[in-house]
Visitor: 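I have a structure here, written as structure tokens, and I will follow up with some questions on it.
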Amino acid sequence: MPMTELAQAALSPPNLVATSLLIFVLLYWLTVILGLLDFKTLDLHLDPDGGLTEAPNDPHLSVAWLNSALAFFNLGRVPLMVFVSFVALPLWVGSILTNYYTHNTSWLLGLAFCLPLFVGSLLVAKVLTTPFVKLFAVLEKDQAGTNPIGKVCTVLLPASHEHLGQAVVKANGDTLMLNVKAASAATELHKGDTALIIDYSARSRCYLIEPYDHDDAR
């Protein structure tokens with residue numbers, strides 16, 4: 001398939017869903033390369049206590065089942081956008097080829113094709129991301145070995161008690177990019193604020209911070 005024909009196929013209605021997802025992934029990694037975002041900015045934080053051990057009438061059973069399903073696909077063990085990247089490419093290739101060989105020009109039929117293609121892409125992504133599980137586990141262990149608790153950080157992305165943000169801190173000569181939340185429900189931290197890292201939440205897999213005033217510290 002020539003490049004011009006491929007470009008036309010990618011922008012045709014049957015392939016717009018798959019193409020849009022691929023474009024989103026490419027734009028995301030572009031912002032990461034430019035240093036505007038950390039590659040873990042969009043990430044999932046599964047409840048480590050989640051499981052299928054609750055009683056059937058437990059209202060949290062559905063959440064536990066979802067956690068187990070996400071863990072099956074390595075989500076929570078590899079960054080979300082790494083997984084999405086491995087989904088987007090086979091989905092896009094499958095959509096292009098399926099609609100090309102079936103001569104489909106219908107948006108609705110293309111959407112119908114996307115459903116089984118998406119399920120297949122999820123399974124492909126699980127296989128492709130499995131080798132990365134141990135890699136990211138080692139990276140997280142190494143980062144945990146450089147304990148930033150008690151150090152002062154600078155907020156890069158706004159954070160509150162409910163919403164995850166990011167901060168940068170220097171610890172033992174290393175510059176670390178951390179996922180953070182405000183320790184207090186009444187606190188909101190904005191880009192450029194200085195904060196003190198006071199604890200680590202294993203449940204949320206992020207550090208808890210509070211505003212830090214250099215004048216007060218004196």
Visitor: Report whether Phe73 and Val119 are members of the same hydrophobic cluster (ILVMFWY, side-chain heavy atoms less than 4.5 Å apart, transitive linking).
Guide: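 Phe73 and Val119: separate clusters.
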Visitor: What heavy-atom pair brings Pro90 and Ser121 nearest, and what distance separates the two atoms?
Guide: C-OG, 3.7 Å
Visitor: Using a 4.5 Å cut-off on heavy atoms from C-beta on, say whether the side chain of Met81 contacts that of Pro79.
Guide: no
Visitor: Is there a path of hydrophobic side-chain contacts, each under 4.5 Å between heavy atoms of I/L/V/M/F/W/Y residues, joining Val25 to Leu75?
Guide: yes
Visitor: Using a 4.5 Å cut-off on heavy atoms from C-beta on, say whether the side chain of Leu30 contacts that of Leu34.
Guide: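 Leu34 vs Leu30: side chains touch.
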Visitor: Give, for atom CG of Leu26 and atom OG1 of Thr31, the distance between the pair rounded to the nearest 0.5 Å.
Guide: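 So the CG of Leu26 and the OG1 of Thr31 are separated by 11.0 Å.
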Visitor: Let me confirm one number: the CG-CG distance from Leu196 to Leu208, rounded to the nearest 0.5 Å.
Guide: 11.5 Å
Visitor: I need the Leu117 CG to Leu91 CG distance, nearest 0.5 Å.
Guide: 6.0 Å
Visitor: Determine the minimum heavy-atom distance between Ala9 and Ser12, stating which atoms define it.
Guide: O-OG, 2.6 Å
Visitor: Can you check side chain to side chain contact (heavy atoms under 4.5 Å, CB included) on Thr187 and His161, steps first, answer last?
Guide: CA-CA 7 Å; Thr187 302; His161 189 64; over 6 Å; no
Visitor: Check whether Thr19 reaches the backbone of Ala10 with its side chain - one donor and one acceptor, N or O, closer than 3.5 Å.
Guide: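 At least one qualifying donor-acceptor pair exists.
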Visitor: With Thr98, which residues qualify under side-chain hydrogen bond (donor to acceptor under 3.5 Å, both in side chains), at least two apart?
Guide: none
Visitor: Evaluate side chain to side chain contact (heavy atoms under 4.5 Å, CB included) for Lys151 paired with Tyr212, printing each intermediate quantity in order.
Guide: CA-CA 10 Å; Lys151 298 187 180 298; Tyr212 180 81; over 6 Å; no
Visitor: Is it possible for you to say whether Tyr28 and Val78 belong to one hydrophobic cluster, with membership spreading through side-chain heavy-atom contacts below 4.5 Å?
Guide: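 Both belong to a single hydrophobic cluster.
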Visitor: Can you name the residues that form a side-chain hydrogen bond (donor to acceptor under 3.5 Å, both in side chains) with Thr130, not counting sequence neighbours?
Guide: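 With sequence neighbours excluded, Thr130 shows a side-chain hydrogen bond (donor to acceptor under 3.5 Å, both in side chains) to Asn74, given in chain and number order.
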Visitor: Assess whether side chain to side chain contact (heavy atoms under 4.5 Å, CB included) is satisfied between Leu178 and Gln166, documenting all intermediate values.
Guide: CA-CA 6 Å; Leu178 307 176; Gln166 283 191 330; over 6 Å; no
Visitor: Should we count CZ of Phe118 as having more than 12 external heavy atoms under 6.0 Å?
Guide: no
Visitor: Where do Asn104 and Gly110 come nearest, in terms of heavy atoms and distance?
Guide: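 Scanning both residues completely, I find the closest heavy atoms to be ND2-N, 3.3 Å.
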Visitor: Taking all non-hydrogen atoms of both residues into account, name the closest pair between Cys206 and Tyr200 and its distance.
Guide: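 The answer is O-CD1, 3.4 Å.
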Visitor: Contact between Leu6 and Ile96 at the side-chain level, heavy atoms closer than 4.5 Å - yes or no?
Guide: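 Yes, side chains in contact.
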Visitor: Going by ring-ring contact (aromatic ring centres under 6.0 Å, His included), name the residues that satisfy it together with Phe86, two or more places apart in sequence or in a different chain.
Guide: Phe132
Visitor: Mind checking the CG-CG spacing from Leu156 to Asp193? Nearest 0.5 Å is all I need.
Guide: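 Reported to 0.5 Å precision, the distance equals 11.0 Å.
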Visitor: Is there a path of hydrophobic side-chain contacts, each under 4.5 Å between heavy atoms of I, L, V, M, F, W or Y residues, that connects Leu115 with Leu21?
Guide: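 No: no chain of side-chain contacts under 4.5 Å links Leu115 to Leu21.
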Visitor: Just do the side chain to side chain contact (heavy atoms under 4.5 Å, CB included) check on Tyr207 and Ile198 with the steps written out, would you?
Guide: CA-CA 8 Å; Tyr207 289 90; Ile198 63 172; over 6 Å; no
Visitor: Does any non-hydrogen side-chain atom of Ser95 lie less than 4.5 Å from one of Val17?
Guide: no
Visitor: Working to the nearest 0.5 angstrom, can you tell me the gap between Leu123 CG and Leu128 CG?
Guide: 11.0 Å
Visitor: So Pro211 and Leu189, do their side chains get closer than 4.5 Å, heavy atoms only?
Guide: yes
Visitor: Find the distance between CG (Asp199) and NZ (Lys181) and round it off to the nearest 0.5 Å.
Guide: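 Here the interatomic distance stands at 13.5 Å.
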Visitor: When hydrophobic residues are tied together by side-chain contacts of less than 4.5 Å, even through go-betweens, does Leu111 share a cluster with Trp92?
Guide: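 Shared cluster, no.
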